[in-house]
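So the structure is just underneath, and the comments pick up after that.
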Amino acid sequence: MTEGRNPEQGSLLDAQALAATAADPRTRIEELRREIEHHSYLYYAKDAPAISDGAFDSLVHELRALEAAHPEFYDPNSPTQRVGGYVGEQFAPIRHERRMYSLDDAMDEGELDAWLDRVEEAFGGMVDVVCELKIDGSSIALTYEDGNLVRGATRGDGTTGEDVTANVRTVKDLPLRLRPDARAGLADPTRAIELRGEVYMPKSSFNALNAAAEANGKQPFANPRNAAAGSLRQKDPAVTAGRDLSTFLYAVADERALSFGTQWELLQWLSEAGFHVNPDVELCRTRADVHDFCRRAVERRDSLPYEIDGVVVKVNSFSRQEEMGYTARAPRWAIAFKFPPEEKTTLLRDITVQVGRTGKLTPVAELEPVRVAGSTVARATLHNEDEVQRKDVRVGDTVIVRKAGDVIPEVLGPVEALRPADAEPWAMPATCPSCGSPVIREEGEADYRCISIDCPAQALERLLHWASRGAMDIDGMGEEIVSRLVEAGRVTDVADYYTLDAVELSLLDMGRVNKDGEPIRLGETVAKKLVAAIDASRTRPLARTLFGLGMRHVGKTTAEALAARYPSMDALVAATEEDLAAVEGVGPKIAHSVHLFLRTPDNVAVIERLRKHGVSLADAAPDEADELPQALAGLTFVLTGTLVQSGMTRDEAGAALKARGAKVSGSVSKKTSFVVAGEAAGSKYDKAVALGVPVLDEAALLRIIETGEAPVAEGDAEA
């Protein structure tokens, strides 16, 4: 915009411009793009609009018309391209330039001070730190090449995210190209730069979105964070565009891409580059300054137009950040001070009982809806009967509610002074509320359980578990289809899967209608694929069948141990409880659970129906010629993190180790021989280091699998 001109008039077409447009549309298109980007920058990054909304809209309208008339001048980073076309069924993976770490939490001022002590110890005294509000949204990584936005990715597992480029282009406050002045802040303007921040949904937009959802009979979002994450991952960018998302940028993947050396300068540069940067930041030079910022943030959190769940404190200097380094999961140079949980009181209307997949009965508090920490809470788990009695909560009580870690609703206890005179202590019902079968509570256990496999409340979860990848791997048998089959009364237990045919499945009513008001059916193509997947599942190994049955305490590792000792269902059924307990990794508790399950009449009936429908209940005897040398016998491995080089899942890598005689465990102990740490390794890595257990990298794992040779316990393959 020309200096000294009236902003409103200077942004509108004058007579000369109108005349020039016909002769040189490309020049006019470029002028309009620059003008619109400039006013977007003033509006979003500087909060200082120079023209009215109407004037801005007229510029966009003219540009859109010119681009439609001259498609040869198409530019994906034009301001008119905020809404793209439909993207595919799945998002492609994008590997981040550097890992996106989590942050360690300081749950109170004492833990914050402990972190500040470590900073002072590292540098011989207090150094400058930057305090920023911790935005409760969805992390995003944005890559700019030659100043233009080329990629947008979710955080994912920290190493690899999902490609949501088409969707981030629709976020109005996000510049599609860096402002020219920003190039001065880059060490090499020709090099790509990955910037990071948070996509969030303002409270007012969240409330409007949920009001519209409820008016249309749809499920509302739980909180603005979930709404932002869900909106960012829409398959149709037009849906994302309509969700009124905003951003705050605050980080760079590699600080070497910049010509300056501090976090404070980065925030200033991001603003000048055109990004929306949170104004609530402070450069703190004393411990008292940090505490003061955190206390003010707690006081102001409810008055802000967006949700926050804490304060992030960072060492200001990039070089000092590098000196402090990282743990396996988080930078040592930053900490997230988390707000104390917000507590509210509300009425406990009822205590209902929920039945899970394994038959566990869980008491649930049905509450008068109350707003806590950014979302409405109407239900909260009470865990078990002992917990209800310990807290002495009763129907009709006024109870104190909070969110544990600002996430999970929790009932702390009653306000006894407000208790009704007729409120009675609560006890677990003697029969299952779903099927009426007697419930049991085993000695030493806190939970009551229904052990009937025919229990309707357990049906959906059991059916989904049976079809899951780790069990019978019935590809395509997801929650929507299973739910429709259950609602239609067509499938009640896992044996019913094997009575389905393609014709019947193709006619399954999916509970929706098309534009003509006709019911949508599953369709022939999907039905044929499902039947093929069901047929393929008949020959899965016995270990998968045992895991798929959902016996309590029987995970994949235990199922494999049982199948190795008893390679047929008949042999397993014939085993005594003492025999089962003698199997390595089983023990008395699991043995009792398996023995009880296999002698419950309803369960036996389902197993026999599986046999009748051709599901294999025995493993073929191994061919000795095909058996690999058991060079890893006696060694126990634990796998953690993502295996990037090979592309194997941890289950696949574990199977390869087991084929060579190794045991693969899910937890680290002093008896663990080796921990294999892939990318984004978590707490298992930390525990291995603490216990002195050797840690192998993925390259060492691949050598073991390829050669079949056992590693040396004190080898040099440590990650």
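Reckoned from all heavy atoms, side chains included, excluding hydrogens, waters and symmetry mates.
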Would you check if the distance from the ring center of His613 to the ring center of Tyr497 is below 6.0 Å?
no
In terms of heavy-atom contacts, Val401 and Val377 come closest through CG1-CG1, 4.2 Å
Going by an N to O cut-off under 4.0 Å, is there a salt bridge joining Arg233 and Glu162?
yes
For the pair Tyr566 and Val583, evaluate side chain to side chain contact (heavy atoms under 4.5 Å, CB included) and give the outcome as yes or no after the intermediate values.
CA-CA 10 Å; Tyr566 300 102; Val583 175; 4.0 Å; yes
Is Asp350 salt-bridged to Arg379, cutoff N-O under 4.0 Å?
no
Using 4.0 Å as the upper bound for N to carboxylate O, is an ion pair formed by Arg394 and Asp392?
yes
Between the side chains of Arg155 and Ser102, is a donor N or O closer than 3.5 angstrom to an acceptor N or O?
yes
With side chains defined as the heavy atoms from C-beta onward, is the minimum distance between Ile590 and Val554 less than 4.5 Å?
yes
Are the side chain of Gln630 and the backbone of Gly661 linked by a donor-acceptor contact shorter than 3.5 Å?
yes
Scanning both residues in full, the closest heavy-atom pair of Leu546 with Ala563 reads CD1-N, 4.2 Å
Dump the intermediate steps for side chain to side chain contact (heavy atoms under 4.5 Å, CB included) on Val594 and Leu562, then the final yes or no.
CA-CA 10 Å; Val594 173; Leu562 289 169; 4.1 Å; yes
Specify the closest pair of heavy atoms between Ser669 and Val693, including all atoms of both residues, with the distance to one decimal.
O-CG2, 3.7 Å
Can you measure from OG1 (Thr672) to CZ (Phe637) and round to the nearest 0.5 angstrom?
11.0 Å
Could you tell me whether Glu560 and Lys556 have a side-chain N and a carboxylate O separated by less than 4.0 Å?
no
Can you measure from CH2 (Trp426) to CG (Asp397) and round to the nearest 0.5 angstrom?
14.0 Å
Could you pull out the closest heavy-atom pair between Glu584 and Ala561, with the gap in Å?
O-CB, 3.8 Å
Strictly by modelled atom types, are Glu366 and Thr352 linked by a side-chain donor-acceptor pair under 3.5 Å?
yes
Looking at side-chain heavy atoms only, is the closest gap between Leu632 and Leu635 below 4.5 Å?
yes
When you compare the side chain of Leu580 with that of Leu572, does any pair of heavy atoms fall below 4.5 Å?
yes
What distance separates Met569 CE from Glu608 CD, expressed to the nearest 0.5 Å?
9.0 Å
Could you check whether any side-chain N or O of Ser138 sits under 3.5 Å from a backbone N or O of Ala228, counting only pairs where one atom can act as donor and the other as acceptor?
no
If only atom types and distance count, is the side chain of Asn210 paired as donor or acceptor with the main-chain N or O of Phe221 below 3.5 Å?
yes
Set of residues satisfying side chain to side chain contact (heavy atoms under 4.5 Å, CB included) with respect to Lys528, sequence neighbours excluded:
Ala502, Glu524
Less than 4.0 angstrom from a charged side-chain N to a carboxylate O is my criterion; do Glu442 and Arg449 meet it?
no
Distance, nearest 0.5 Å, that separates CG of Leu485 from CG of Leu505
6.0 Å
About how many Å separate CD of Glu385 and OG1 of Thr362, when rounded to the nearest 0.5 Å?
12.5 Å
Backbone N/O of Ala656 and side chain of Arg660: donor-acceptor pair under 3.5 Å:
yes
So, taking the atom named OH in Tyr498 and the one named CZ in Arg538, what distance separates them when rounded to the nearest 0.5 Å?
7.0 Å
So do Pro519 and Arg521 actually touch side chain to side chain, heavy atoms under 4.5 Å?
yes
Donor-acceptor list for residues 471-483 side chains, cut-off 3.5 Å, not counting sequence neighbours:
{"from": "Glu480", "atom 1": "OE2", "to": "Arg512", "atom 2": "NH1", "distance (Å)": "2.2"}
{"from": "Ser483", "atom 1": "OG", "to": "Glu479", "atom 2": "O", "distance (Å)": "2.7"}

For His595, the ring pair (Phe, Tyr, Trp, His ring centres under 6.0 Å) test, sequence neighbours excluded, returns none
Derivation of the side chain to side chain contact (heavy atoms under 4.5 Å, CB included) call for Lys589 and His553:
CA-CA 8 Å; Lys589 186 175 182 179; His553 303 310; 3.6 Å; yes
Using a 3.5 Å distance criterion without hydrogens, assess whether the side chain of His465 forms a donor-acceptor pair with backbone atoms of Phe547.
yes
Within-4.5 Å side-chain heavy-atom neighbours: Val664 and Thr636:
no
Do you see a donor-acceptor pair shorter than 3.5 Å between the side chains of Thr499 and Asp496?
no
Please answer whether the main-chain N or O of Phe597 pairs with a side-chain N or O of Asn603 as donor and acceptor at a distance below 3.5 Å.
yes
For the side chain of Lys687 and the backbone of Ser667, is there at least one donor-acceptor N/O pair under 3.5 Å apart?
no
Would you say that Pro433 contacts Leu361 through its side chain, given a criterion of any heavy-atom pair below 4.5 Å between the two side chains?
yes
Does any part of the side chain of Leu412, heavy atoms only, come nearer than 4.5 Å to the side chain of Val399, both counted from C-beta?
no
Mind running side chain to side chain contact (heavy atoms under 4.5 Å, CB included) on Val388 and Val393 for me, showing each step along the way?
CA-CA 6 Å; Val388 177; Val393 289; 4.0 Å; yes
Sidechain-backbone polar pair: Arg609 side chain, Asp493 backbone, donor-acceptor under 3.5 Å
no
For the residue pair Gly396 and Leu347, what are the closest heavy atoms and their distance?
O-CD1, 3.5 Å
Over all heavy atoms of both residues, which pair between Thr558 and Gly585 is shortest? Give the atoms and the distance, please.
OG1-O, 4.3 Å
Tell me whether Arg484 contacts the main-chain N or O of Asp509 through its side chain, where contact means a donor paired with an acceptor under 3.5 Å.
yes
Thinking salt bridges, do Arg565 and Asp579 make one under a 4.0 Å N-O criterion?
no
Any side-chain heavy atom of Thr640 sitting closer than 4.5 Å to one from Val668?
no
Expected output: side-chain Asp516 to main-chain Glu518 donor-acceptor under 3.5 Å
no
